[in-house]
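Below, read A as the first sequence line, B as the second, and so on, with proteins coming before strands; counting in each chain starts at 1.
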There are 2 protein chains.
Amino acid sequence: MTIKGFIVKSTIVTYTRPMAFPPFAVTVDLVVFTIRDDALHVLTIRRGESPFKGRKALPGGFVKVNEDLDTAAARELLEETNIGSVDRLHLEQLGTYGTPKRDPRMRTVSVAYLAFAADLATPVAGTDAASAQWSPLSATLSTKMAFDHLTILQDGLERARAKLEYTTLAASFCSNPFTIADLRHVYELVWDTTIDPRNFHRKVLASEGFVEPTGEHTSAGRGRPAQLFRPGPATQLHPPVRRQH
Amino acid sequence: MTIKGFIVKSTIVTYTRPMAFPPFAVTVDLVVFTIRDDALHVLTIRRGESPFKGRKALPGGFVKVNEDLDTAAARELLEETNIGSVDRLHLEQLGTYGTPKRDPRMRTVSVAYLAFAADLATPVAGTDAASAQWSPLSATLSTKMAFDHLTILQDGLERARAKLEYTTLAASFCSNPFTIADLRHVYELVWDTTIDPRNFHRKVLASEGFVEPTGEHTSAGRGRPAQLFRPGPATQLHPPVRRQH
DNA sequence: CCCTTTTATCGTCATACTGAGGATAAATGA
DNA sequence: TCATTTATCCTCAGTATGACGATAAAAGGG
């Protein structure tokens with residue numbers, strides 16, 4: 001059977017060949033975390049169209065015909081935020097979600113990505129309802145989200161929590177330079193626990209390559225000025241920062 | 001522009017609607033590890049057709065129109081091996097690979113899955129070249145595989161190595177019941193290291209819920225008979241089994 | 001200017017876990 | 001009987017961690 005009405009750019013030759021496989025739509029969806037106002041936030045959009053009109057959703061979109069998955073994720077992230085390219089940014093593949101009815105309109109497979117942004121990242125301003133905004137995570141987790149995005153968000157949170165244990169990624173949440181206390185707040189907010197400042201301080205300084213002192217100190221604020229650090233060269237932590245389960 | 005020549009089965013209603021997105025083929029590919037003859041093996045097929053005719057490839061296939069991704073992976077696994085359903089089997093999503101030119105024939109996104117099988121699992125016998133077989137991993141890693149399957153295999157190995165650290169999945173490689181030495185061999189072969197039998201023995205027994213004694217002992221073989229165990233209820237290990245990096 | 005408050009940083013101590021390796025137990029085969 | 005092999009138990013030192021005392025260095029109020 002020949003199908004008509006398949007609309008693409010005329011330059012894409014691939015579409016003109018017969019296909020012996022079921023066609024899927026492939027999208028990328030982004031779980032982007034940041035810390036604002038002493039709370040973990042996630043980047044969301046509000047859907048302006050059916051299905052799930054009015055609900056919050058993760059930012060994302062279709063993968064283009066000649067676009068790599070990672071590239072598509074990075075492109076969507078740049079489109080939704082003002083993050084200056086890959087600097088101070090971590091982006092990794094989270095998982096793929098392809099339950100048949102997850103999008104009632106068509107058979108869609110979504111490749112989810114997880115990103116950590118420093119506080120200074122701001123969503124792109126926009127007047128339409130679809131513009132991205134930072135939503136407090138705790139509130140978002142108890143709302144109804146579009147599609148299976150709540151599941152993706154939960155998986156992203158769990159991945160983020162695990163990653164903090166054995167990687168240096170917590171520094172990706174901090175604007176540069178940062179203090180040990182800033183770093184500790186990241187762990188406390190992501191893990192939703194309190195951590196002993198003295199033991200944490202010892203642990204971070206004992207982890208070679210986690211942070212490097214800049215030589216500077218904080219000036220303003222209450223209490224004793226704190227040493228300032230930048231991220232070190234290490235990416236993995238041996239042994240990891242232990243979390244109580 | 002309207003494209004003609006898009007050929008699919010007429011029974012699939014979805015296909016007959018206009019699509020405003022690029023169509024992708026979605027496949028699942030399997031990285032299935034087992035231990036045979038004191039070496040780590042991976043399940044492979046040999047490609048009988050172009051492209052990559054004659055090369056080894058990971059078993060896999062197209063996801064069906066109304067099939068979940070996990071279901072498709074389990075189906076492919078059952079089709080290629082005689083593993084009796086989900087018993088003694090671990091199957092998890094590994095990652096998704098969608099570089100535009102990874103399949104020269106069409107734009108394909110492959111969702112890779114990782115599975116651990118006990119030794120008793122055997123590939124389905126078949127006379128054609130496409131029948132699955134166990135290939136020694138070390139040799140396979142230095143061959144040219146079809147598509148990007150070597151990359152997927154490397155990622156699967158790294159995932160498996162990491163998983164042994166903090167989960168009880170090593171028991172999935174062992175036929176039931178097993179000895180502590182059997183379990184240690186799994187770690188040694190997957191990590192490609194040697195482990196002190198005494199310290200490993202202590203670590204396993206100290207990890208609550210990792211293994212449960214059956215009360216039986218091995219009868220034949222050299223040396224003192226070993227106690228037999230079955231997998232315990234735990235899935236995670238706190239603290240993990242440490243590996244030298 | 002003194003004192004309280006706040007936060008950063010250092011130190012102490014008991015406990016837990018690991019790596020190295022000695023010693024014993026229980027089987028097989030010469 | 002004895003050497004060999006493997007399983008299991010034990011000791012000991014080094015390292016990491018949790019709990020928490022103590023000090024340092026700032027701000028702010030009287």
For [X] and [N], what is the distance between atoms [atom1] and [atom2] respectively, to the nearest whole Å?
| X | N | atom1 | atom2 | result |
| --- | --- | --- | --- | --- |
| A:Leu237 | D:dA16 | CG | P | 13 Å |
| B:Arg242 | C:dA16 | CZ | C1' | 13 Å |
| A:Asp196 | C:dA8 | CG | C1' | 13 Å |
| A:Phe178 | C:dT7 | CZ | P | 20 Å |
| A:Phe200 | D:dT17 | CZ | P | 12 Å |
| B:Asp182 | D:dT6 | CG | C1' | 12 Å |
| B:Arg184 | D:dT8 | CZ | C1' | 12 Å |
| B:Leu205 | D:dA7 | CG | P | 13 Å |

I'd like to know if the side chain of [X] and the backbone of [Y] have a donor-acceptor N/O pair within less than 3.5 Å.
| X | Y | value |
| --- | --- | --- |
| B:His149 | B:Leu58 | yes |
| A:Ser142 | A:Ala139 | yes |
| B:Asp155 | B:Ile152 | no |
| B:Asp196 | B:Asn199 | yes |
| A:Arg159 | A:Leu94 | yes |

Selection from C:dA8, C:dC17, D:dA7 that lies nearest to any side-chain heavy atom of A:Ala226:
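So the nucleotide nearest the side chain must be C:dA8.
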What's the closest nucleotide to the A:Asn199 side chain, out of D:dA19, D:dA7, D:dT17?
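So the nucleotide nearest the side chain must be D:dA19.
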So what does A:Ala181 hit on the nucleic acid, given a heavy-atom distance under 4.0 Å: a base, only sugar-phosphate, or nothing?
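Sugar-phosphate, no base atom in range.
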Can you pull every protein N or O that's under 3.5 Å from an N or O on nucleotides 23-30 of chain C?
unit_1: C:dA25; atom_1: O4'; unit_2: B:Arg224; atom_2: NH1; d: 3.3

Considering just the side-chain nitrogens and oxygens of [X], establish if one lies under 4.0 Å of OP1 or OP2 belonging to [N].
| X | N | answer |
| --- | --- | --- |
| B:Lys203 | C:dT18 | yes |
| B:Gln244 | C:dT18 | no |
| B:His201 | D:dT8 | yes |

Counting distance alone, no hydrogens or angles: does the base of C:dG11 have a donor or acceptor under 3.5 Å from a partner atom on the side chain of A:Arg202?
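For A:Arg202, whose side chain was compared with the base of C:dG11, there is no donor-acceptor pair (under 3.5 Å).
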Flag if over 12 foreign heavy atoms under 6.0 Å of CG, B:Asp192
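12 or below, so no.
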Rounded at 0.5 Å granularity, tell me how far OG1 in A:Thr179 sits from CG in A:Leu228.
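The distance works out to 7.0 Å.
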